[in-house]
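Here the structure is laid out as structure tokens; the discussion comes afterwards.
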Number of protein chains: 2
Amino acid sequence: MKTELEYLNIYQKKHGLKRSRQRNRILEIFLSTDRHVSAEDLLEMVKKKYPDIGYSTVYRSLNLFHKAGIARLVEIGDGVARYENALKQKQHHHLICENCGRILEFTDPKVDEMIEKNARKKKFKVTRRRIDVFGLCDRCRAQK
Amino acid sequence: MKTELEYLNIYQKKHGLKRSRQRNRILEIFLSTDRHVSAEDLLEMVKKKYPDIGYSTVYRSLNLFHKAGIARLVEIGDGVARYENALKQKQHHHLICENCGRILEFTDPKVDEMIEKNARKKKFKVTRRRIDVFGLCDRCRAQK
DNA sequence: TATAAAAATGATTTTCGGTTTCATATTTAA
DNA sequence: TTAAATATGAAACCGAAAATCATTTTTATA
């Protein structure tokens with residue numbers, strides 16, 4: 001199994017991009033968390049160890065990681081683009097509490113498979129799925 | 001079965017809101033299309049028949065329709081909020097082409113049921129589901 | 001019916017991410 | 001070593017969502 005850095009190097013070579021110290025450092029920090037991070041979030045984490053790296057570079061690196069298949073885009077509907085480690089984190093879906101904003105996760109290969117089947121019927125090639133379920137989490141249900 | 005206007009009136013009464021001519025007219029136009037419309041799109045349609053209605057009112061009305069359960073939010077990932085008739089259009093899921101932006105639709109009660117089951121496992125009460133599948137549509141696959 | 005309180009309107013401004021620009025620095029192939 | 005191309009970081013720009021505000025409309029009640 002290839003590492004994230006290997007993926008990145010392959011993608012860069014394929015597209016005639018150059019390596020850069022900053023990008024590798026940003027990748028290092030990105031890989032160090034299991035959370036969903038926005039460019040802003042990641043910048044904050046990066047700054048702690050590498051104060052000289054700027055917002056643009058983090059922003060552009062995240063987009064690049066996404067294109068290279070290293071980062072998976074997670075949109076919860078608040079207009080902020082967040083990313084998670086696509087290789088380490090298994091594809092999962094979200095239960096989003098409309099009351100407290102808490103996000104629970106679930107995975108279900110059967111669901112994914114059935115969606116795939118529906119797509120195939122329409123001759124559609126799937127690259128990415130997003131399943132978000134909105135409602136009330138157990139805690140919020142209890143206190144209401 | 002209640003009409004959209006009845007839903008709106010019930011919601012308005014429940015929340016101490018007043019009626020307004022503009023809002024009813026905007027609803028009339030919103031109901032006249034089967035497309036997904038943004039506030040901007042809807043404004044354009046509204047202006048043709050009622051030129052004096054402004055953007056803010058359309059924008060606020062759409063949000064209100066959404067809260068009242070009349071309009072369903074559809075986000076295809078370009079940062080623009082679009083809405084569709086929630087009562088007339090059966091809940092369906094989207095196949096979004098990342099190349100041309102075309103949106104295909106599918107319904108599958110089994111998928112919905114399985115998602116419901118996953119939610120139940122986490123004691124989560126579902127009010128709304130969103131399944132968006134990104135990838136390449138048949139047309140775009142053919143020409144590549 | 002008159003009226004006062006509250007909500008709605010529409011023009012405008014503000015906010016806030018995402019994205020682009022540009023001068024400078026770094027990387028890399030030859 | 002050097003020339004061409006990419007990357008960087010600060011700042012500007014962009015576009016849609018959301019908020020503001022003076023004025024108008026609605027509605028409950030006297």
Side-chain angles (χ1 to χ4, degrees), chain A residues 5 8-30 36-68 71 73-83, chain B residues 5 8-30 36-68 71 73-83 98 101:
Chain A
L5 184 56
L8 180 59
N9 286 334
I10 289 169
Y11 181 90
Q12 289 181 157
K13 179 149 291 182
K14 189 172 165 192
H15 290 79
L17 305 180
K18 294 176 176 172
R19 291 149 189 266
S20 95
R21 173 147 12 115
Q22 288 90 332
R23 199 134 73 202
N24 286 349
R25 287 177 167 173
I26 291 166
L27 179 61
E28 170 207 326
I29 302 297
F30 176 67
H36 307 145
V37 292
S38 65
E40 199 74 48
D41 294 338
L42 188 54
L43 174 67
E44 197 182 314
M45 296 170 68
V46 167
K47 282 275 190 195
K48 282 190 184 138
K49 192 159 178 187
Y50 306 111
D52 293 341
I53 293 180
Y55 171 80
S56 309
T57 307
V58 170
Y59 167 80
R60 283 185 287 230
S61 294
L62 260 183
N63 279 343
L64 189 61
F65 298 166
H66 183 220
K67 284 191 223 150
L73 179 61
V74 180
E75 286 172 305
I76 66 168
D78 63 354
V80 180
R82 271 170 264 260
Y83 296 86
Chain B
L5 184 57
L8 181 59
N9 285 335
I10 289 168
Y11 182 88
Q12 290 182 156
K13 179 149 291 181
K14 190 171 164 194
H15 290 79
L17 305 181
K18 294 175 177 173
R19 289 150 190 266
S20 95
R21 172 147 13 115
Q22 287 90 332
R23 199 135 71 202
N24 287 349
R25 287 176 167 173
I26 292 166
L27 180 60
E28 170 206 328
I29 302 298
F30 176 67
H36 305 143
V37 292
S38 66
E40 200 73 49
D41 294 337
L42 188 55
L43 174 68
E44 197 182 313
M45 297 170 66
V46 166
K47 281 275 190 194
K48 283 191 184 136
K49 193 160 179 188
Y50 306 111
D52 293 341
I53 293 180
Y55 171 80
S56 308
T57 308
V58 171
Y59 167 79
R60 282 184 289 229
S61 295
L62 261 183
N63 280 343
L64 190 59
F65 298 165
H66 183 222
K67 283 190 224 150
L73 179 61
V74 180
E75 286 172 306
I76 68 167
D78 62 355
V80 180
R82 271 170 263 260
Y83 297 86
E98 289 175 318

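Given the structure is predicted, the values throughout are model-derived calculations rather than measurements.
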- Item | Least distance between heavy atoms, B:Leu73 atom then B:Ala81 atom | CD1-CB, 3.9 Å

- Task: For A:Leu5 and A:Asn24, work out which heavy atoms get closest and say how close.
- Result: CD1-OD1, 3.7 Å

How many Å lie between [atom1] on [X] and [atom2] on [N], as a whole number?
X	N	atom1	atom2	result
B:Asn24	D:dT26	CG	C1'	12 Å
B:His66	D:dA17	NE2	P	13 Å
A:Arg25	D:dA7	CZ	P	17 Å
B:Lys18	C:dA7	NZ	C1'	5 Å
A:Asp52	D:dA10	CG	C1'	13 Å
A:Tyr59	C:dT21	OH	P	12 Å
A:Arg60	D:dA10	CZ	P	11 Å
A:Asp78	C:dG18	CG	C1'	14 Å

Name the closest nucleotide to the [X] side chain, picking from [options].
X	options	result
B:Gln22	C:dT20, C:dA7, C:dG10	C:dG10
B:Ser56	C:dT12, C:dG18, D:dT26	C:dT12
A:Leu17	D:dT8, D:dA7, C:dG17	D:dA7

Remember a base hit wins even if backbone is also touched, and classify [X] as base, sugar-phosphate or nothing at under 4.0 Å, heavy atoms.
X	result
B:Arg23	sugar-phosphate
B:Ala81	sugar-phosphate
A:Ser20	sugar-phosphate

- Do the side-chain N or O atoms of B:Arg19 get closer than 4.0 angstrom to the phosphate oxygens (OP1, OP2) of D:dT27? yes

- Query: Cut-off 3.5 Å, side chains only: do B:Tyr83 and B:Asp41 have a donor facing an acceptor?
  - Reply: no

- Reported NZ-to-NE2 distance for the pair A:Lys67 and A:His15, which is rounded to 0.5 angstrom: 8.0 Å

- Query: With a cut-off of 6.0 Å (strictly less than), are more than 12 heavy atoms of other residues, nucleotides or ligands near CD of A:Glu28?
  - Reply: yes

- Note on the structure: The residue, B:Tyr55 or A:Gln12, whose nearest nucleotide of DNA chain D is more 5′ is A:Gln12

